[in-house]
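Heads up, the thing below is written out as structure tokens.
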Amino acid sequence: MGLIEQKQHFSVNLLDWYMINRRDLPWRRHNNPYFTWVSEIMLQQTRVDTVIPYFNRFIGNFPTVQALAEAPEEDVLKNWEGLGYYSRARNLQAAARQVMELHGGEIPQDKQAVFALKGVGPYTAGAILSIAFNQPQPAVDGNVMRVLSRYFLIDEDIMKGSTRVLMEELAGELIPEGRARDFNQALMELGALVCTPKAPHCLTCPVMEQCSGRIAGRELTLPVKTKAKPPRPEQRLVAIVEGRGVHRGRVLVRQRPESGLLARMWELPHVLAEPPAKAGKKAAPLADEPAMALLAGSLWAEGFAARPEGLATHAEHVFSHIVWQLQVYKCTEQSQSSELPLIAAEARAAYDAQAATKDTVATDPDGQSASTFTSTSSITSDQVERRMLTDDVEVLDNAPQIHIGKGDQLTYRWIGPEDMDKMAFPNIFLKLLSSYFAGVYDDINE
DNA sequence: AACACGGGGAT
DNA sequence: ATCCCAGTGTT
């Protein structure tokens, strides 16, 4: 058996298998290039089962390229909430605006034009061109690399860029004449349903007879893939600041900067407790006393007087490159002006003591230096009072902003449960806020 | 080439 | 609890 026969066997049998076994997925019910595009962006790093409800809601809210282009960015982010990799949402909308301006609202069929869209790389360009327009372009994702590395017994590390290029050349050769749309989806479908990462179902595989990997007994050791670095741990102190007076029933949240981790998402205020530990090690928890002092100090530095009352809960949030180990403290807003000087003095002293002892103390978000923080954190009690006593959000937003870090302006807001409908939160803060509003942390007092 | 960038599922 | 999964953008 030669390579040419092996390739033909693969293409023919895989395509036949797919035409019988293809899943009925929302984005497969119509040949709508916009649906294909949205689904492929959502499917990056994300499983089909997770994507389905997001896709249906997203298309319901933004049924056309134009609707997406014209939507408030906040709405798009809210529709992406919980899906992760939020730059995908921002890039998708930016690309929708590109399509409106450059292509009259029609998704381009030219390879260079598709590739030029924000958030569209080699894989997604190939997927759109083949699935939406049946163009014979390879669409090589992780599924495809796994299937091809096994069937053709390719030992190259799939984490290398050169391997992806090699796979694209191979995948392109395998596309049967005029069948790019079905064949590319067949390849990925096989990887998702049969040629799975850990326990491939070789006995039901349509191409097992000529699968070099299986014949060599290598199906479990392919593809070759370098391991990712373990995420570095970060100990963070989180404040659930319970409002008093005009803020009664509300909690203090803030919006993250427009770039970087969780860009533009809302969150509970928090502060890095100490310099990040080495990846693989775990961060040492901070005792409650210094933790609460540090937290009060960092809140004070951002214009809020709050008294930490006690530990509400521990939580952990795992990103691909960071692990947040969170100590969550229930705090109370100090709304009486007479308390201000005392709270402020105590908090500042505690915070400055920490800052003086450590090389880098934490600030927010995400690790600016202590000196930067200190140099910009001199705030008058006037400013604090305004933040504390202002109920109206617009007035708060229009008030002079306090600058920290690299010139980032953080917007703070006092919110009730109803406000969460329109604000996008990362899952960890979604859970903490839901628990709080459900009354779970009510026993944390004094 | 190396790193940043979320969240979920399987065992 | 510990593993695995893996496209695009930035630098």
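To find a chain, count down the sequence lines: A is the first, B the second, and so on, and within it residues start at 1.
Within the nucleic acid shown, V120(A) comes within 4.0 Å of sugar-phosphate atoms alone, with no base atom in reach, counting heavy atoms only.
Qualifying side-chain contact (heavy atoms from CB on, under 4.5 Å) partners for L25(A), counting only residues two or more places apart in sequence or in other chains: R23(A), W27(A), R28(A), V48(A), I52(A). With sequence neighbours excluded, the residues forming a side-chain contact (heavy atoms from CB on, under 4.5 Å) with M420(A) are I415(A), F425(A), L430(A), L433(A), F437(A), listed by chain and number. By the ring-ring contact (aromatic ring centres under 6.0 Å, His included) test, H9(A) is found to be paired with no residue, residues two or more places apart in sequence or in another chain being considered. In terms of the side chain to side chain donor-acceptor pair (under 3.5 Å) criterion, residue partners of D182(A) (sequence neighbours excluded) are, by chain and number, R179(A). By the side-chain contact (heavy atoms from CB on, under 4.5 Å) test, T221(A) pairs with R218(A), sequence neighbours left out. Applying the side chain to side chain donor-acceptor pair (under 3.5 Å) criterion to R47(A), with sequence neighbours excluded, gives no partner residue.
For the contact set between residues 148-168 of chain A and DNA chain C, defined by any heavy atom under 4.0 Å, there are no members. Of the residues in residues 187-203 of chain A, those with a non-hydrogen atom less than 4.0 angstrom from any atom of DNA chain C are P197(A), K198(A). Within residues 74-93 of chain A, the residues having any heavy atom closer than 4.0 Å to DNA chain B are, in order of number, G82(A), L83(A), G84(A), Y85(A), Y86(A).
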Tell me which donor-acceptor pairs under 3.5 Å the side chains of residues 111-124 of chain A have, and how far apart each pair is, sequence neighbours excluded?
| from | atom 1 | to | atom 2 | distance (Å) |
| --- | --- | --- | --- | --- |
| K111(A) | NZ | Q137(A) | OE1 | 3.2 |
| Y123(A) | OH | E40(A) | OE1 | 2.5 |
| T124(A) | OG1 | Q44(A) | NE2 | 2.8 |

Kindly list each side-chain donor-acceptor pair under 3.5 angstrom involving residues 158-172 of chain A, sequence neighbours excluded, with atom names and distances?
| from | atom 1 | to | atom 2 | distance (Å) |
| --- | --- | --- | --- | --- |
| T163(A) | OG1 | D157(A) | O | 2.7 |
| R164(A) | NE | E168(A) | OE2 | 2.9 |

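Applying the side chain to side chain donor-acceptor pair (under 3.5 Å) test to every pair with at least one member in residues 199-212 of chain A, sequence neighbours left out, gives these pairs: Q6(A)-S212(A).
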